[in-house]
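Below you'll find the structure, written out as structure tokens, and then a few comments.
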Amino acid sequence: MDYQIKSVKFLKSEVDYKKCPADRLPEVAFIGRSNVGKSSLINTLANHKDLAKTSSKPGKTQTMHHYEVDKRWYLVDLPGYGYASISKSMREKWEKMIDNYLRYRKNLQSVFVLVDIRLEPQELDINFINKLGEMGMPFSLVFTKADKIGKNKGAVSVRNFCRKLMETWEDLPPFFVCSSVDGRGKQELLDYIDQINEYSYNQKKQEKE
Ligand code: GDP
């Protein structure tokens, strides 16, 4: 517990899951609508100012960024969805890339879906979450920008989102309420990632025995 990231090394930007770094370490991935606060959250988790570049421009090739953390796990920054100005062919490319990555990346343990806490449940987010659920991919929700909204309003927003999910799913995923401005949620998220990695290492050990 109280896990803190000590070292982060950028490894690679890729569009093809087959060319991602060797799958020898467990990995978790972050995704969400553009502008949701993904880069800020990754920088906050890593105690870094500009590890993940904030707001990559729509229209540019969208790539998956791999970082090696503490020589123990990979953090993956997946390109965001929901750019208004993106072309249909780019959207299709994105879908294919993400779909392949989610289906075939063997060492992927869990996906963190970021959602802006101030918004009503958005169809794009719900669709993406439903897809993860259908794939059987473990995921969690990260409500971002919690400093921008009062505690009560935030709680209502989270409840609304959970209600929406319960229209489709029986079980709710773990969720975290975070802010990159005041740092709330950071320790819980880091400890959860640490647990995921610990579990993955234990599984591997058992397989060997
Ligand atoms: P990305 O496109 O998902 O990577 O989003 P960014 O991290 O670039 O953030 C988009 C905008 O939201 C930027 O102007 C950030 O400064 C702002 N932002 C991100 N996270 C937070 C947060 O937790 N609180 C507040 N108040 N602003 C945030």
Side-chain angles (χ1 to χ4, degrees), residues 4-5 8 10-15 27-67 69 74-87 90-91 93-95 97-98 101-102 108 110-129 131-132 139-158 160-161 173-193:
Q4 286 292 316
I5 290 177
V8 186
F10 171 71
L11 293 182
K12 217 173 177 209
S13 288
E14 250 320 321
V15 291
E27 78 185 34
V28 299
F30 290 80
I31 197 163
R33 284 164 70 99
S34 58
N35 222 34
V36 70
K38 178 167 53 79
S39 309
S40 306
L41 182 78
I42 291 173
N43 288 333
T44 299
L45 292 177
N47 300 315
H48 218 282
K49 260 205 176 113
D50 54 2
L51 185 70
K53 295 276 171 269
T54 39
S55 298
S56 63
K57 295 274 172 295
K60 251 178 58 182
T61 311
Q62 294 186 299
T63 53
M64 310 185 274
H65 304 299
H66 266 80
Y67 298 90
V69 186
Y74 295 138
L75 184 159
V76 189
D77 181 2
L78 295 174
Y81 47 88
Y83 287 108
S85 58
I86 206 166
S87 66
M90 276 196 70
R91 188 168 302 135
K93 264 192 195 150
W94 178 91
E95 262 172 29
M97 168 173 73
I98 298 294
Y101 169 78
L102 295 172
L108 177 61
S110 198
V111 176
F112 291 93
V113 181
L114 277 56
V115 176
D116 189 323
I117 198 166
R118 297 168 300 170
L119 303 181
E120 291 286 306
Q122 303 285 303
E123 203 183 328
L124 265 178
D125 294 323
I126 301 291
N127 288 348
F128 186 76
I129 286 167
K131 192 160 100 169
L132 290 174
F139 69 93
S140 315
L141 297 175
V142 178
F143 294 96
T144 62
K145 307 190 187 182
D147 60 283
K148 286 203 170 199
I149 188 173
K151 262 218 163 108
N152 291 342
K153 270 195 173 165
V156 170
S157 199
V158 169
N160 282 345
F161 203 94
F175 66 83
F176 302 87
V177 175
C178 293
S179 161
S180 299
V181 168
D182 64 22
R184 85 182 76 166
K186 173 182 169 180
Q187 192 61 59
E188 289 86 346
L189 200 47
L190 283 173
D191 287 337
Y192 183 64
I193 292 172

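The chain is numbered in sequence order, starting from 1. First listed ligand is number 1; within each ligand, the first listed atom is number 1.
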Report summary line: If we number the atoms of ligand 1 from 1 as shown, the ones under 4.0 Å from a heavy atom of D147 are 22 (C), 23 (O), 24 (N), 25 (C), 26 (N)

Query raised in the report: Are the aromatic ring centres of Y74 and Y67 under 6.0 angstrom apart?
Result: no

Query - Under 4.0 Å to a heavy atom of K148 - the qualifying atoms of ligand 1, by number - result: 25 (C), 26 (N), 27 (N)

Query raised in the report: Can N35 and K145 be counted as having a side-chain donor-acceptor contact under 3.5 angstrom?
Result: no

Query raised in the report: For ligand 1, is there an atom lying under 4.0 Å from some heavy atom of G32?
Result: no

Query raised in the report: Going by distance only, is there an N or O of L41 that falls short of 3.5 Å from an N or O of ligand 1?
Result: no

Query - Best match, G37, G82, S40: closest heavy atom to atom 15 (C) of ligand 1 - result: S40

Report task. Please identify which atoms of ligand 1 are closer than 4.0 Å to at least one heavy atom of S179. Result -> 23 (O)

**Report entry** Over all atoms of both residues, closest heavy-atom pair of L119 and S157
**Finding:** O-OG, 3.7 Å

Query raised in the report: Backbone or side chain, does any N or O of A146 fall under 3.5 Å from an N or O of ligand 1?
Result: no

Query raised in the report: Are any of the N/O atoms in T144 less than 3.5 Å from those in ligand 1?
Result: no

Query raised in the report: Are the side chain of T44 and the backbone of S40 linked by a donor-acceptor contact shorter than 3.5 Å?
Result: yes

**Report entry** Proximal atoms of ligand 1 relative to N35 (non-hydrogen, under 4.0 Å)
**Finding:** 1 (P), 2 (O), 3 (O), 5 (O), 10 (C), 11 (C)

Query raised in the report: Should the pair Y101 and H66 be assigned to parallel (<30°), tilted (30 to 60°) or perpendicular (>60°) ring geometry?
Result: perpendicular

Query raised in the report: Based purely on interatomic distance, does S34 place a nitrogen or oxygen under 3.5 Å from a nitrogen or oxygen of ligand 1?
Result: no

**Report entry** Test of ring centre spacing under 6.0 Å for F128 and Y81
**Finding:** yes

Query raised in the report: Are the ring centres of F161 and F143 closer than 6.0 Å?
Result: yes

